[in-house]
Protein chains: 2
Amino acid sequence: MQHPSGEGGTVARYGTEHKEATRRRIIKVAGRRLKKDGLDGSGVTTLMADAGLTNGAFYAHFASKDALVAATITDQLQEQQALLRQLADEPDGFARFVRAYLSPGHRNDAESGCPSGALLDEVARSSPEIRRAYSAGILGVADDLATLMAPGAPGTGRRRALGCIAILVGTLQLARAIDDPQESEAVLAEGARAISALLATPEH
Amino acid sequence: MQHPSGEGGTVARYGTEHKEATRRRIIKVAGRRLKKDGLDGSGVTTLMADAGLTNGAFYAHFASKDALVAATITDQLQEQQALLRQLADEPDGFARFVRAYLSPGHRNDAESGCPSGALLDEVARSSPEIRRAYSAGILGVADDLATLMAPGAPGTGRRRALGCIAILVGTLQLARAIDDPQESEAVLAEGARAISALLATPEH
DNA sequence: CCTTTAGGATTACGACCATACTACAATTGG
DNA sequence: CCAATTGTAGTATGGTCGTAATCCTAAAGG
């Protein structure tokens, strides 16, 4: 294992970015699968098959399933952050975000939707590793959402944004769970009303 | 299977209520276990062991695990309904309910807390049988919560109550997931603010 | 151009746990 | 004391995570 006289060290036989690209592909497809079938409902074999690989290759990329879940949650929340930053450049960005979040389309497509809406109570039961990843990620999301809510005062209102996230997530989950189309859409509408009500109250 | 001449049918050798009592015991302890470890995280063997039985006896009481989960969710939501009815007789029942729901104690004790807060996103991914049980149960809860919110006008405001439930559930889940005591408590406080804001707005 | 070589993937396996089901035994009321 | 009902214990099948040995291939060097 030791190079007796050398410094050169490891020579990259594969292109340096090949492994990293594979890792990213695994994380991306795992995002969809985990949101669709849940953290406990998705097995390593299935997750790898989604990425076009077999189970054995998994542990060359991640130390454990929890490590993949943590990495995936971090990635998902960063993607959501990027979306919020993008909306910050558009007029009525916040209103458009809320409308899309509480839409029947988002309700019916958990696979490509908000990770919090799909997984929040499972995250709460998960290992510290996963909860740490979620906590750091959601605070970042909250900061960008706060900017979107009050473009004039950057850096303030993270906690108000967390309250807004709680409303959005709870509403989405309830609309998904209720097995009655009319009541489900009524829930989405009530969620939008709750957001408006929250915005109408003074900051603190 | 057909009794050729009889009406009397089955003669109960065990006290008629013995099996029913066992069934109820299973459902009660399953409520705690499922909320603690999740729907996917709890196995039939564990659930039966909690009730002091072994796995084999399970299928004398329930047709499948889904059937038990559905029965348990129905029971849990009926228990929540009973709590709300009880609070309706006391002054400031609604405010007290919200305060208890968004308390650190409830956040730290999912096992004996709200079933929606512990299981909502898993319910949304579950079989039609489970979703039906949840839907019927939560609408009952919403009706009683509506009465608690506006004691003067019974029967109205179910949808507003559903909006309130969404806020409570989302807030509780977020507070449980966040791995930072200060931010977690801030989330609980923001949830209470959101409820107040919702109450301050006109009905429709 | 061809061999060497190491990194990455495959297949196979181990130990364990899941649901579902079935004989068999224990219990208990009549 | 009988017999139905309830519970035990064990089985079947499949899925889980994680590990280990084998194979393949792409790149480096002669």
Side-chain angles (χ1 to χ4, degrees), chain A residues 1-27 29-30 33-34 37-72 122 126-127 129-130, chain B residues 1 3 6 8-27 29-30 33-34 37-72 122 126-127 129-130:
Chain A
M1 295 299 176
Q2 300 175 344
H3 274 251
S5 75
E7 64 196 351
T10 33
V11 182
R13 302 292 161 150
Y14 275 60
T16 323
E17 65 281 357
H18 279 191
K19 186 170 182 178
E20 188 59 24
T22 302
R23 183 188 154 96
R24 276 183 211 171
R25 194 174 77 246
I26 296 171
I27 288 175
V29 298
R33 173 66 68 172
L34 291 174
D37 294 341
L39 305 184
D40 265 20
S42 315
V44 170
T45 304
T46 306
L47 293 168
M48 292 300 279
D50 285 349
L53 299 171
T54 52
N55 60 345
F58 179 82
Y59 294 90
H61 294 280
F62 303 94
S64 66
K65 186 189 170 185
D66 272 17
L68 167 62
V69 171
T72 301
E122 267 189 311
S126 294
S127 68
E129 181 179 10
I130 292 172
Chain B
M1 299 301 169
H3 274 254
T10 33
V11 180
R13 301 294 163 145
Y14 275 61
T16 323
E17 65 279 1
H18 278 191
K19 184 170 184 179
E20 188 58 25
T22 302
R23 183 187 154 97
R24 274 182 213 175
R25 193 174 77 246
I26 296 171
I27 289 176
V29 298
R33 174 66 68 172
L34 291 174
D37 294 341
L39 304 185
D40 265 19
S42 316
V44 170
T45 303
T46 305
L47 293 168
M48 292 301 280
D50 285 349
L53 298 172
T54 52
N55 59 346
F58 179 84
Y59 293 91
H61 294 280
F62 303 96
S64 66
K65 186 190 173 184
D66 272 17
L68 167 62
V69 171
T72 301
E122 267 189 311
S126 294
S127 67
E129 181 180 8
I130 292 173

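Predicted model, so just to flag it, every value in this text is computed and none were measured. Order of the sequence lines fixes the chain letters, A, B, ..., with proteins taken first and strands second; residue numbering starts at 1 for each chain.
The nearest whole Å value for the distance from the CZ atom in B:F62 to the C1' atom in C:dT19 is 15 Å. Here the P atom of nucleotide D:dT6 and the NZ atom of B:K19 are 5 Å apart, to the nearest Å. In this structure, NZ of B:K65 is placed 9 Å from C1' of C:dT19, rounded to the nearest angstrom. B:D40 has its CG atom 15 Å from the P atom of D:dG15, to the nearest Å. Summarising the geometry, the separation between OH on A:Y59 and P on D:dT19 is reported as 7 Å, rounded to the nearest angstrom. Between B:H61 atom NE2 and D:dT6 atom P there is a gap of 7 Å when expressed in whole angstrom units. A straight line from CG of A:L47 to C1' of D:dG15 spans 14 Å, rounded to a whole angstrom. The CG atom of A:L68 sits 15 Å away from the C1' atom of D:dT16 (whole-angstrom rounding).
We find the CG-CG distance between B:D40 and A:L39 to be 10.0 Å, quoted to the nearest 0.5 Å. One finds the CZ atom of A:F58 at 10.0 Å from the OG1 atom of A:T45 (value rounded to the nearest 0.5 Å). Of the inter-residue distances, the one linking B:T54 atom OG1 with B:M48 atom CE reads 6.5 Å to the nearest 0.5 angstrom. The OG1 atom of A:T72 sits 5.5 Å away from the CD1 atom of A:I27 when rounded to the nearest 0.5 Å. To the nearest 0.5 Å, the span separating CD on B:E122 from CG on B:L34 amounts to 9.0 Å.
For A:K19 (side chain) and A:H61 (main-chain N/O), no donor-acceptor pair under 3.5 Å exists by modelled atom type. No donor-acceptor distance shorter than 3.5 angstrom exists from the side chain of B:R33 to the backbone of B:L47, with no hydrogens or angles considered.
Shown here is A:R24, whose CZ atom has no more than 12 heavy atoms of other residues, nucleotides or ligands within 6.0 Å.
Nucleic acid contact for A:A60: none, since no nucleic acid atom lies under 4.0 Å from a heavy atom of the residue. Within 4.0 Å (heavy atoms only), B:G43 reaches sugar-phosphate atoms of the nucleic acid but no base atom.
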Which atoms of nucleotides 15-17 of chain C (N or O only) lie under 3.5 Å from a protein N or O atom, and what are those distances?
none

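Between A:V44 and A:L68 there is no side-chain heavy-atom pair separated by less than 4.5 Å. The shortest side-chain heavy-atom distance between B:V69 and B:E129 does not fall under the 4.5 Å cut-off.
In this structure, B:T22 reaches the D:dG7 phosphate: one of its side-chain N or O atoms is under 4.0 Å from OP1 or OP2.
Axis orientation changes by 20° from one end of the helix from C:dA15-D:dT16 to C:dG30-D:dC1 to the other, with each end axis drawn from 5 pairs and the value rounded to 10°.
When only modelled atom types and interatomic distance are considered, B:S42 and B:D37 share no side-chain donor-acceptor pair under 3.5 Å.
In this structure, A:R23 and A:F62 approach most closely via the heavy-atom pair NH1-CE2, 3.3 Å.
Summary of the strand contacts: A:T46 and B:G56 both lie near DNA chain D, and taking for each the nucleotide with the nearest heavy atom, the more 5' one is attributed to B:G56.
Non-hydrogen atoms lying under 4.0 Å from DNA chain C are contributed by B:N55, all within residues 48-55 of chain B.
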